[in-house]
Each structure stands twice: as C-alpha cells, then as structure tokens.
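Shown next, in structure tokens, is the structure this report addresses.
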There are 2 protein chains.
Amino acid sequence: MNNTRFATSVHILTLLALKPEEWLSSEFIAGSININPVIVRKEIIFLSGAGLIQTKKGKDGGAKLNRPASLIYLSEILEIVHYSDMLGRKNLNTNPQCFIGSQINERLDSLFKRTDLLIKESLGKQSLADFLNQF
Amino acid sequence: MNNTRFATSVHILTLLALKPEEWLSSEFIAGSININPVIVRKEIIFLSGAGLIQTKKGKDGGAKLNRPASLIYLSEILEIVHYSDMLGRKNLNTNPQCFIGSQINERLDSLFKRTDLLIKESLGKQSLADFLNQF
DNA sequence: TTAATTGTAATGTTTTTTATTACAATTAAA
DNA sequence: TTTAATTGTAATAAAAAACATTACAATTAA
C-alpha cells in the first residue's frame, strides 16, 4: 500500500489518547493532521466500526477512545486500514502457459502473507500508550 | 508502496534462475509476466546496476544471472526496488503548533524504520534459489 | 430555535503507476 | 557487408489510486 491511512489512523488515535475524556471533533483532528475533515470522518468510521473508539453526533460531538490506550495495539490499527501485501502488488495476468508465470502468484502470495504476519506480530507488541509515551 | 516492482523483479530473476546459462530477452520475460517489455528493460537496468545480473545488447542478447541463485537474497531485491515505509506514507504538513502534529512524523519514522528492518532481516534469510525451489 | 457536529454521497483534482511508441546503438549471424 | 534482433533510453499517453472538496440531511446540546 502507498497511502496515508495507517499514519492518519495512528494520528487520530494518538490525539484521542492524549485527551481520553474529551470528544474531539473531526475539524479539530483534521487541523492537527492538516487534511480534510471528511477524510478524518471516513477514517473514524472504520475505527469506530472496529470498536476502538466511539462517536457522538450533534453539537459538542466528536470521537473518543473506547478503551485505555494501553489496551489498543498498533496491529489492530494495521488491520483496520486493510493493510496487506506490504511487499507490494502482484502482476495479475501472468502467463498461464509459462512454468513460472503460472505459479508465481501463489508463491508470492505465500511470501507476502508470511511477511504481513511478521509485521503484525511485531506491531502486536506495541500499544497506543507505548506510542504516545514517546512524545 | 503500492506498485508491482518487487513482484516484477522477483519474476524476472526467477526466470533467469531457471535458465542460468541462457540470455533471456526482455520480450520473452515480458511475455511471462504479461507486461510491456519496456517495463522489464527498465527494471533490468536496476538489477544490473546492483550487480545481480548482466545484460548483452544486440542480436541474441538479453539478461542472465551474475551469481548463483543460492547467493541472491530476497532482501537485496527489496533494496533494489527502493522499498521503504512499508507501513505506508506519512502525512506531511502536519500542524507544527500541535503537540502531536509537530512530533508525530519523527515517531512514525522510527516505527517505520524498525518495521522495514524487520522485513529486510526476514527476507535476508531467503534466497532466490529457495524461492525457485518452491515451484 | 440555533449552532455545531457526524455521516454520507457525489464529484473533482492530483499523484502515482503502468503502458506505449519510437528510435539510436549494438551485436550476431547470414 | 547486410540484415535482423536486441538493449537502452526518452518522450508521451493512459489508467489507476489516492486525496480533496462541496453539499446537505440527520442529530444533538444548549
């Protein structure tokens, strides 16, 4: 993947972790990341769907953490933003009549999956609180 | 990253590893991957620049491995395609007046670098020959 | 009743990635 | 010497992905 979704989600959650009692608005969060509030709201929907945060509509609404930052792991964030195939994309349409072309995507798949798992295991040891404590 | 460069390079090298004595043309290789030959030639330039393969111009020219596949590691390929920030991109332009916004990219950088290193170490244990042997 | 906010859709813009065309330079072989 | 095949390279086009923007209904608090 080559987008900013992981960085954006981590940023959102770090802000929420810093003020666990407050409802932070998408406008405020967007101002910290310096991106459009709609992008933040869309990302927040995923985080909320995964149970990491809760949101409140209407005046003085916003988002806040649903559990302590010490119980939120970076691996969860990675899963929420659908990161996989960290080593890139495969060439679809490889030649089915070629010995290599016909099988390479299965082999790459296996390699990619093992690599993704390695990263997830590593991020599974790092909590949002750990991350925030580095500031 | 969200491109096919790693997959393409591995594909090229796997074909070369299968026929270590032959000069394979970009046209032939492109036919196996099913992409444009110019893309293959461009990728080959990087592989050649890194010393993994050699090329021969003119009629009956092409590319072949420069060392045994058992001495080529997947980590080298990763480096050649300039993969880094495997966890994605950062939001540049974060708010310098925000406690989080002003520091998050340093923290993410550190996290991203550690993650990249982990992957490189893992791929450093897998040779091209190992990969080909799975076919 | 008003103001602030989320949720969502629709559309537009920018950036990244891949493909295509073209051709000079090189090399092998007829 | 001529021909054919090939790399190396540039320039441009097309396609895909990512991000931004606008708009507004629904909701909520004050």
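Sequence lines set the chain letters: A, B, ... in the order given, protein chains first and strands last, and positions in each chain run from 1. Given the structure is predicted, the values throughout are model-derived calculations rather than measurements.
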- [ ] Quick one: label B:Asn36 by what it contacts on the DNA or RNA (base, sugar-phosphate, nothing), any heavy atom closer than 4.0 Å.
- [x] base
- [ ] Check whether more than 12 heavy atoms from other residues, nucleotides or ligands sit under 6.0 Å from atom CD of B:Glu27, and answer yes or no.
- [x] no
- [ ] Say whether A:Ser127 and A:Asp130, considering side chains only, have a donor N or O and an acceptor N or O under 3.5 Å apart.
- [x] yes
Task: B:Ile104: which of B:Thr94, B:Asn95, B:Asp109 passes side-chain contact (heavy atoms from CB on, under 4.5 Å) - done: B:Thr94
Open item on the list: When you measure from the side-chain N and O atoms of B:Ser25 to the phosphate of D:dA5, is any distance below 4.0 Å, counting only OP1 and OP2?
Closed with: no
Task: Any donor-acceptor N or O pair under 3.5 Å, side chains B:Glu43, B:Ser9 - done: yes
Task: D:dA16 phosphate, OP1 or OP2, under 4.0 Å from A:Arg89 side-chain N/O - done: no
Open item on the list: Nearest whole Å is fine: how far is C:dT18 P from B:Arg5 CZ?
Closed with: 9 Å
- [ ] Take atom CD1 of B:Ile44 and atom P of D:dT7, then tell me their distance rounded to the nearest Å.
- [x] 7 Å
Open item on the list: Just to be sure I understand the geometry, which residues of residues 62-69 of chain B put a non-hydrogen atom under 4.0 Å away from DNA chain C?
Closed with: none
Open item on the list: If you compare every side-chain N and O of A:Ser26 against the phosphate oxygens of C:dT6 (OP1, OP2), does one of them come in below 4.0 Å?
Closed with: yes
Open item on the list: Stem list for DNA chain D, please, built from Watson-Crick and G-U wobble pairs under 3.5 Å and keeping only runs of at least 3.
Closed with: C:1-30 with D:1-30
Task: Pairwise 5' ranking along DNA chain D for B:Gly58 and A:Pro37, keeping only the more 5' one - done: B:Gly58
Open item on the list: Closer than 3.5 angstrom, by distance alone: can the side chain of B:Asn34 be matched with the main-chain N or O of A:Asn93 as a donor-acceptor pair?
Closed with: yes
TODO: Could you tell me whether A:Lys120 and A:Glu76 make a salt bridge, using a distance below 4.0 angstrom between a side-chain N and a carboxylate O?
DONE: no
Task: Any donor-acceptor pair under 3.5 Å from B:Thr4 side chain to B:Ala7 backbone - done: no
Task: Strand contacts (DNA chain C) in residues 91-103 of chain B, 4.0 angstrom heavy-atom criterion - done: none
Task: Check: A:Leu128 and A:Leu71 side chains under 4.5 Å, non-hydrogen atoms - done: no
Open item on the list: When you measure from the side-chain N and O atoms of A:Thr4 to the phosphate of D:dC19, is any distance below 4.0 Å, counting only OP1 and OP2?
Closed with: yes
- [ ] Please say whether the positively charged group of B:Arg5, taken as NZ for Lys or CZ for Arg, lies over the ring of B:Phe46, i.e. under 6.0 angstrom from the six-membered ring centre and within 45 degrees of the axis.
- [x] yes
Open item on the list: Would you say CD of A:Gln54 has more than 12 non-hydrogen atoms from neighbouring residues, nucleotides or ligands within 6.0 angstrom?
Closed with: yes
Open item on the list: Counting only side-chain heavy atoms from C-beta out, which of C:dT17, C:dA28, D:dA20 sits nearest to A:Asn2?
Closed with: C:dT17
TODO: May I ask you to verify if any side-chain N or O of B:Asn3 is less than 4.0 angstrom from the OP1 or OP2 atom of C:dT16?
DONE: no
Open item on the list: Expressed as a whole number of angstroms, how long is the span from A:Arg41:CZ to C:dA4:P?
Closed with: 14 Å
Open item on the list: Closest approach to the side chain of B:Lys59, judged atom by atom: which nucleotide of C:dA22, C:dT27, C:dT6 is it?
Closed with: C:dT27
Open item on the list: Can you measure A:Ile39 atom CD1 to C:dT11 atom C1' for me and round it to whole angstrom units?
Closed with: 13 Å
- [ ] Quickly work out the B:Glu43 CD to D:dG8 C1' distance and round it to whole Å.
- [x] 15 Å
- [ ] Tell me what B:Lys42 touches on the nucleic acid: a base, only sugar-phosphate, or nothing, going by heavy atoms under 4.0 Å.
- [x] base
Task: DNA chain D: 5'-proximal contact among B:Gly61 and B:Ile45 (nearest heavy atom) - done: B:Gly61
Task: Sole residue of B:Ile12, B:Leu52, B:Leu16 in side-chain contact (heavy atoms from CB on, under 4.5 Å) with B:Ile44 - done: B:Ile12
